[in-house]
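Below is one structure, written out as structure tokens; comments come after it.
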Amino acid sequence: MYGKLTLFSKVVRISSVRYYKKDTKKLLEFLAGMPKPNSSRIAEAQRQRQNISKKSEKYGPSTVYLQVLGSGARGAPNTLYLFTDQKRYLFNCGEGTQRLAHEHKVKLSRLDHIFITNKTWRNIGGLPGLSLTLQDVGVPNITLHGPEGLDELYNATRRFVIMKDMNVVMAKCSKSEDFEDNVMTVKYVLIGPQDNILPTEVKSAAKKPKLDNNLVEFEEFIHDDTDYYKSDAAHTPEKHRNVKPKVKLHTDKDYLKKKTERVLEELHKQSYSTVAYICILKKRLGTLDLEKCVEFGVKPGPLLGQLKSGHDVLLPDGRIVLSKDVKTPDDPGPVFIVLEVPELAYLNEAEFSAHFDNGSNPPENIPTIIVHYTPPHILKHPTYRAFMAKFGTTTRHLILNSQNSCLGSEAVHRTQHKLHLLDADMFPLLRDVSVPALWNPSPTLPHTDSPVRLKGLEELKNKIAVAQFQNLISMEGSCGGDAGIGDTDSLAKIELISARTLTMFHLRPKKEIDRSMEPKLHIQDYIQETMDADGFVPSLDQFRHLVDRMRYAKTELQKEYPKVVFLGTGSCIPSKTRNTSAIVLHIDEQRSILLDCGEGTFGQLVRFYGPKRVNSFLRTLKAIYISHLHADHHIGLIGVLQARRQAFEEIDFKRPIKPLYLLAPGQIVTWLSIYDHQFEPIRDDFSLIPNQNLLASNSETTNMELTSAVLASLGVQGLRTCLVAHCPNAFGVSIDVDQYYKVTYSGDTIPCEELVKIGKNSTLLIHEATMEDELADEARIKMHSTTSQAIEIGRQMEARYTVLTHFSQRYARLPRLNSHILNDNTSVGIAFDNMQITMGDLDLLPHMYAPLQLMFAEHCVELELKAQNRARQKKLTTSPSMPTSGSIRNFSTLTADNNVTTDNESTDLNNITDCATDKTNNVAKKNDRTLTDKIIETDSNENHRENILTDNNCVS
């Protein structure tokens with residue numbers, strides 16, 4: 001389609017690499033005999049941690065600071081990181097914590113303790129994913145501090161968060177026993193309602209013991225013991241189909257708890273559901289002044305150590321040397337408090353009176369800073385403000401709650417600004433204006449005066465104008481966080497700090513705030529570095545001309561709906577570029593469906609729709625479809641359910657909220673019921689319809705009637721599921737939107753005939769393509785598809801268009817496609833986070849890959865070098881006696897076989913990819929040796945990482 005494709009023919013030589021005949025049995029036997037990649041590595045990492053910890057136990061920390069990871073803004077985690085030069089600690093762990101930590105290089109490998117203030121999803125939503133990551137990097141133990149029953153989270157998630165190499169223990173938090181280590185002492189303050197009267201919403205929740213009643217019909221699913229991470233490549237749709245759980249109603253009244261017992265249990269559960277932490281750093285000894293020691297006649301030896309420890313010493317000549325005379329004063333250890341007061345009834349000032357600035361408490365007891373997780377409506381109450389004022393004017397107050405606006409990610413904006421150059425409709429600028437944009441009045445211009453480059457510079461100027469406008473909005477948004485807080489006499493002299501990602505407060509050696517590391521947007525740099533890529537500007541110009549001509553040629557009025565928005569297109573774990581699986585299908589202006597819901601999905605919704613419009617979208621959300629029970633496809637569900645409830649309460653607090661339909665494997669009720677019972681009520685937010693009831697082969701009358709009711713609410717004509725080959729109870733789905741459009745979504749699967757059947761003649765197939773073709777054996781073992789396999793399913797399905805998604809994070813920017821695909825591509829597109837497409841835009845997607853290769857040229861070169869390294873390693877480790885079946889020819893040879901254009905539009909793009917050759921050659925020549933060495937190391941680490949995650953049951 002693109003003519004000669006010579007992008008990498010001069011960069012790497014892989015013509016000698018050979019493919020061997022597929023012998024799956026021998027391959028599996030070989031892999032089974034290999035040692036587990038995580039065992040020795042994790043053990044060594046744990047030993048190193050223990051050695052470092054032992055060396056630091058004798059000394060107090062010399063460097064200590066608090067660092068905000070998540071500001072607590074709606075859609076962002078509310079996570080605080082305590083750094084010391086010996087240990088690391090975390091206070092709360094909201095959903096999306098590990099993604100921000102990864103982007104901003106906040107290392108969590110020395111984390112030992114996590115402190116949780118309250119058992120809400122805002123505080124614990126990031127724990128499941130973070131725990132798997134900590135286990136991967138060799139953390140042997142994690143201690144949870146918080147309300148009683150917090151560790152039940154791991155019992156609830158035991159099916160999809162399996163701790164094999166890390167122990168999670170629950171500290172006993174009591175008033176009579178403090179936590180102490182060589183860094184600090186932590187006093188627990190158990191907070192509960194002072195008058196034993198629960199807040200209105202808690203009482204109403206306790207009076208509605210409906211969860212068991214609603215879910216009792218799914219008892220068979222609740223007691224299901226299936227291992228969803230069993231390493232069994234033999235799972236097939238046929239095997240799944242042998243087990244058809246039949247939904248049956250239970251009328252046994254003894255199965256349910258009595259109403260009074262349930263109410264009492266709720267009251268007990270909420271009585272002390274919050275813990276505050278008063279943290280006192282250990283004393284830091286002053287430094288010894290050796291010059292003064294010499295003046296006083298102290299000779300080198302043990303006397304110096306005694307003086308440094310604060311002891312006076314007696315010299316041989318009878319003189320006494322006082323420690324205070326030869327050393328700087330000791331640092332007594334600053335105090336900081338972490339506090340969350342969910343309701344005014346929970347505020348007990350007496351618990352903190354020892355730290356008030358009332359003239360009687362010693363100065364060292366006055367907190368340097370107090371971190372408030374308290375919600376805005378309580379924080380602004382006069383009673384709470386008076387409480388804050390009692391700590392005095394020297395105490396600063398750091399606010400982490402939903403009044404803040406910072407979502408914390410620069411990387412998502414960087415990628416979106418680049419993609420926005422291709423098409424403003426498919427890649428709209430994000431409505432997250434919480435990260436300020438910096439303005440450079442004199443940007444560096446490329447050294448050229450060619451007409452093509454000047455045209456690109458004009459584009460740059462236009463984008464700069466947009467950046468200026470967005471910068472003004474950003475600055476207004478960032479200033480709005482503290483509005484209405486410090487406007488009373490009681491707080492006139494109190495310093496309030498609105499938290500932003502990477503806001504730092506130093507506790508030692510200095511006590512000061514540092515905002516220098518907070519993320520900022522450099523929009524001019526993003527655009528200019530893209531424009532500077534050799535060949536990109538002419539390819540962009542040709543692509544835009546082609547797009548304009550294709551759109552102009554369409555005589556019929558293009559419909560806005562149905563529309564698809566990709567929120568997460570990565571696999572396994574979130575990265576700074578691709579979040580985990582989530583796709584919005586807009587049926588029409590009033591109705592939408594969410595396909596899968598990985599961690600951080602709600603944060604992606606806020607970024608895409610904006611903090612003001614996201615509630616309008618949530619009120620259109622009629623159903624959430626979960627394809628299977630791996631964490632990267634459903635762990636964000638609770639966050640979305642709670643946000644949707646808030647969206648409806650915004651317009652009418654008293655009106656009952658109609659639950660959305662949850663179309664998911666029936667076994668999900670175990671996780672949801674335990675969470676509802678042990679943490680927060682979510683029973684009224686969803687109505688579960690098992691995917692098992694929607695199977696295309698299921699013709700039971702009752703199920704058909706149930707499906708019809710769902711279809712009427714969703715506004716679609718048909719919805720069917722099928723079992724796919726990935727893990728037990730994994731499903732694909734096809735949705736007949738209307739008589740014109742049909743959308744099929746694969747979930748995670750190897751190529752599956754059942755999916756082809758239900759998706760026949762789809763308008764759009766959204767199919768997972770986790771790995772490149774050369775990793776087909778690895779993909780098979782992990783029950784995933786390669787790019788070519790996904791495309792072939794689309795061809796068999798006779799789908800008009802196929803969009804690939806769910807890429808391994810090794811393809812964070814662009815997946816690697818075979819050249820023969822590129823030269824015969826009229827129907828395949830690549831999904832990106834924050835990409836929206838209408839059905840009329842689908843024919844544009846195949847033409848986009850060529851300029852994308854130029855936009856991400858260095859990444860593409862890196863992928864080719866990794867492929868070359870794998871081929872070399874395979875050649876070294878494979879027996880030469882094994883039979884072979886041909887070789888991979890050079891890319892230019894492959895291109896010669898396909899040097900035929902398919903239509904008039906494609907001829908406009910014949911030479912676009914040729915423009916990248918010089919660029920990639922220069923990159924390869926400049927960095928050939930060092931980059932190759934780096935690729936060998938990083939590719940090995942990536943393979944190890946994915947194997948670790950497979951063993952830890954995180955790869956889906």
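With hydrogens and angles left out, the side-chain atoms of Gln809 and Ser575 include a donor and acceptor closer than 3.5 Å. Arg500 and Ser71 share no donor-acceptor pair across their side chains, judged by distance under 3.5 Å alone. Using modelled atom types, one finds a donor on one side chain and an acceptor on the other under 3.5 Å when comparing Lys418 with Thr530. Judged purely by distance below 3.5 Å, without hydrogens or angles, the side chains of Arg74 and Asn615 pair a donor atom with an acceptor atom. Side-chain contact check for Asn818 and Asp773: at least one donor-acceptor pair (N or O, by modelled atom type) lies under 3.5 Å. For the residue pair Thr787/Glu772, the side-chain donor-acceptor check at 3.5 Å is not satisfied.
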(request) Apply the test side chain to side chain contact (heavy atoms under 4.5 Å, CB included) to residues Leu618 and Leu605: give CA-CA distance (whole Å), side-chain angles for both, the deciding distance (0.1 Å), then the verdict. (result) CA-CA 9 Å; Leu618 289 170; Leu605 288 170; 4.2 Å; yes
(request) Apply the test ring pair (Phe, Tyr, Trp, His ring centres under 6.0 Å) to residues His806 and His784: give CA-CA distance (whole Å), side-chain angles for both, the deciding distance (0.1 Å), then the verdict. (result) CA-CA 10 Å; His806 196 270; His784 284 296; 5.3 Å; yes
(message) What verdict does the side chain to side chain contact (heavy atoms under 4.5 Å, CB included) test give for Thr805 and His767, after you've listed the backbone C-alpha separation in whole Å, the side-chain angles of each residue and the deciding distance to 0.1 Å?
(response) CA-CA 6 Å; Thr805 187; His767 202 288; over 6 Å; no
(message) Checking Met771 against Glu778 for the side chain to side chain contact (heavy atoms under 4.5 Å, CB included) test, could you report, in this order, the C-alpha distance in whole Å, the side-chain angles of both residues, the deciding distance, and whether it holds?
(response) CA-CA 8 Å; Met771 297 180 186; Glu778 184 178 348; 3.9 Å; yes
(message) Applying salt bridge (Lys or Arg N to Asp or Glu O under 4.0 Å) to Arg816 and Glu774, what does each step give before you reach the verdict?
(response) CA-CA 10 Å; Arg816 181 171 177 262; Glu774 293 178 9; 3.3 Å; yes
(message) Assess the residue pair Leu844 and Leu546 against the criterion (side chain to side chain contact (heavy atoms under 4.5 Å, CB included)); give the C-alpha distance rounded to whole Å, side-chain angles, the decisive distance to 0.1 Å, and a yes or no.
(response) CA-CA 9 Å; Leu844 306 178; Leu546 175 63; over 6 Å; no
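Side chains of Leu814 and Cys860 form a contact here, defined as non-hydrogen atoms less than 4.5 Å apart. Inter-residue side-chain proximity for Asn579 and Thr569 is flagged as unmet; no heavy-atom pair is nearer than 4.5 Å. Residues Val106 and Tyr81 meet the side-chain proximity criterion, which asks for heavy atoms closer than 4.5 Å. Put simply, the side chain of Leu430 reaches to within 4.5 Å of the side chain of Asn834, judged on heavy atoms. Side-chain contact between Tyr526 and Glu410 is present, with heavy atoms from C-beta onward closer than 4.5 Å. Looking at heavy atoms from C-beta onward, Glu862 lies out of side-chain contact with Glu858 at the 4.5 angstrom threshold. Looking at heavy atoms from C-beta onward, His104 lies in side-chain contact with Leu502 at the 4.5 angstrom threshold. The shortest side-chain heavy-atom distance between Thr580 and Cys572 does not fall under the 4.5 Å cut-off.
With hydrogens and angles ignored, the 3.5 Å screen pairs a side-chain donor or acceptor of Thr601 with a backbone N or O of Gly598. Remark: side-chain polar atoms of Asn404 are not paired, donor with acceptor, to backbone N or O of Ala73 under 3.5 angstrom. Distance alone, capped at 3.5 Å, is enough to place a donor-acceptor pair between the Ser434 side chain and the Leu407 backbone. Listed for the Asn825 side chain is a donor-acceptor partner under 3.5 Å among the backbone atoms of Ser827. Remark: the backbone N or O of Glu768 is paired with a side-chain donor or acceptor of Ser746 at under 3.5 angstrom. Not a single donor-acceptor pair under 3.5 Å links the side chain of His420 to the backbone N or O of Gln416. No donor-acceptor pair closer than 3.5 Å links the side chain of Gln836 to the backbone N or O of Val564. Arg544 places a side-chain N or O within donor-acceptor distance of the main-chain N or O of Leu421, the cut-off being under 3.5 Å. A distance-only check finds no donor-acceptor pair linking the side chain of Tyr801 to the backbone of Leu845 [under 3.5 Å]. No side-chain donor-acceptor contact under 3.5 Å links Glu103 to the backbone of Ser409.
The 12-atom threshold is exceeded at NZ of Lys520, counting heavy atoms of other residues, nucleotides or ligands nearer than 6.0 Å.
Across all non-hydrogen atoms, the minimal contact from His859 to Arg810 is CE1-O, 3.7 Å. Residues Thr577 and Ala812 share a closest heavy-atom pair of CG2-O, 3.1 Å. Here the shortest heavy-atom pairing between Gly129 and Glu599 reads CA-OE1, 4.1 Å. In this structure, Thr802 and Gly794 approach most closely via the heavy-atom pair OG1-CA, 3.6 Å. Shortest non-hydrogen contact noted between Phe807 and Ala831 is CE1-O, 3.6 Å. Across all their heavy atoms, Gly75 and Phe602 have their closest contact at N-CE2, 3.6 Å.
The residue from Leu764, Asp843, Thr763, Leu842 that alone fulfils the side chain to side chain contact (heavy atoms under 4.5 Å, CB included) condition with Arg800 is Thr763. Among the candidates Arg414, Met835, Met855, the single residue satisfying the side chain to side chain contact (heavy atoms under 4.5 Å, CB included) test with Leu419 is Met855.
Residues passing the side-chain hydrogen bond (donor to acceptor under 3.5 Å, both in side chains) test with Thr79 are Thr97, sequence neighbours excluded. Applying the side-chain hydrogen bond (donor to acceptor under 3.5 Å, both in side chains) rule to Tyr609 yields the partners His586; only residues at least two apart in sequence or on another chain are considered.
Taken from CZ in Phe543 to CG in Leu854, the straight-line distance is 12.5 Å, to the nearest 0.5 Å. Within the model, atoms CG of Leu585 and OH of Tyr561 stand 11.5 Å from one another, a figure rounded to the nearest 0.5 Å. Here the straight-line distance linking atom NZ of Lys576 with atom NZ of Lys105 works out to 5.0 Å at 0.5 Å rounding. Note that OG of Ser539 is 9.5 Å distant from CG of Leu852, once rounded to the nearest 0.5 Å. Atom-to-atom distance recorded for Asp425:CG and Ile837:CD1 is 12.5 Å, nearest 0.5 angstrom. Annotation: the span from His417 atom NE2 to Glu529 atom CD amounts to 12.0 Å, rounded to 0.5 Å.
Note on Arg551 versus Asp423: salt bridge recorded, some NZ/NE/NH1/NH2 to OD/OE distance being below 4.0 Å.
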